[in-house]
Amino acid sequence: LAKTTQPISMDSYEGQEVNITCSHNNIATNDYITWYQQFPSQGPRFIIQGYKTKVTNEVASLFIPADRKSSTLSLPRVSLSDTAVYYCLVESSGSARQLTFGSGTQLTVLP
Amino acid sequence: DGGITQSPKYLFRKEGQNVTLSCEQNLNHDAMYWYRQDPGQGLRLIYYSQIVNDFQKGDIAEGYSVSREKKESFPLTVTSAQKNPTAFYLCASWDSGRHQPQHFGDGTRLSIL
């Protein structure tokens with residue numbers, strides 16, 4: 001299982017774009033990169049998943065360079081409700097689908 | 001509306017007592033998982049099950065037991081052998097036939113009296 005490294009915490013202001021970068025140097029060829037969001041006392045929620053280049057959905061974008069050793073989650077125009085812990089995971093495409101969660105990045109959005 | 005239901009939301013255990021946490025899903029997912037989360041930490045895998053009547057230990061299985069008699073249900077028992085059971089417990093499920101993310105319940109917080 002590939003290990004990920006991401007910043008422990010980040011602060012931002014409402015309306016700004018936030019970029020959280022994750023490094024995963026030993027990612028395997030068949031691995032996907034997935035980001036989850038977790039609020040206190042709730043289960044993680046899926047945000048976005050990608051394999052390479054750029055993926056965009058209604059809440060975020062995910063940028064993955066060609067070497068795939070890192071990825072950047074981009075949250076456009078954050079609001080106070082985006083304050084949460086964000087986890088970057090490298091998911092194996094194997095059948096066991098074990099996930100390794102690091103400590104995540106605590107994003108605090110300030111007014 | 002499909003999802004994962006964990007109950008109870010809060011649970012208290014006396015010393016030496018076994019307690020069982022419930023996890024039910026109506027997503028028709030084959031695989032189910034139990035994670036433990038301690039304050040300020042990520043999730044650690046306790047047990048997982050890929051099919052009915054089969055399950056495997058995760059990274060921290062000692063002091064826990066599970067069963068998978070039905071596809072929809074994956075209860076976790078925290079036994080008296082688990083010396084530090086106070087934590088937030090999360091259940092998840094996954095459709096093993098497609099490349100989709102895991103779906104999580106909203107957790108059970110277990111405390112020791």
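Owing to the predicted nature of the structure, the values given are computational and were not obtained by experimental measurement. Quick note on labels: first sequence line is chain A, next is B, and so on, each numbered from 1.
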Non-hydrogen atoms of chain A under 4.5 Å away: do they reach the side chain of B/L90, the backbone, both or neither?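 It is the side chain, since no backbone atom gets that close.
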With a 4.5 angstrom heavy-atom cut-off, which part of B/Q6 approaches chain A: side chain, backbone, both or neither?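 B/Q6 has no heavy atom closer than 4.5 Å to chain A.
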Do [X] and [Y] land in one hydrophobic cluster if side-chain heavy atoms of ILVMFWY residues count as linked below 4.5 Å?
X	Y	result
A/Y13	A/L73	no
A/V55	A/I47	yes
B/I46	B/I4	no
B/L45	B/F74	no
A/Y86	A/I64	yes

Answer with side chain, backbone, both or neither: which region of A/Q38 has an atom nearer than 4.5 Å to a non-hydrogen atom of chain B?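 Contact with chain B: side chain only.
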Just wondering, are more than 12 heavy atoms of other shown residues or ligands nearer than 6.0 Å to CD1 in A/I8?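 No, because the 6.0 Å sphere around CD1 of A/I8 holds 12 heavy atoms or fewer from other groups.
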Within a radius of less than 6.0 Å around CD of B/E62, do more than 12 heavy atoms belonging to other residues, nucleotides or ligands occur?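 Not more than 12 within 6.0 Å, no.
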Under a 4.5 Å heavy-atom cutoff, which of B/Q37, B/K9, B/Q56 has the most pairs with chain A?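 Ranked by heavy-atom pairs under 4.5 Å with chain A, first place is B/Q37.
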Can you tell me how far apart [atom1] ([X]) and [atom2] ([Y]) are? Round to the nearest 0.5 Å.
X	Y	atom1	atom2	result
B/D106	A/F39	CG	CZ	11.0 Å
B/F104	A/F46	CZ	CZ	12.0 Å
B/F88	A/Q42	CZ	CD	8.0 Å

Determine yes or no for a side-chain-to-main-chain donor-acceptor pair under 3.5 angstrom, with A/Y32 supplying the side chain and B/P101 the backbone.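 Here the side-chain-to-backbone pair does not exist.
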Most chain B-contacting option - heavy-atom pairs closer than 4.5 Å, from A/P44, A/P40, A/G43: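 Of the options given, most contacts go to A/P44.
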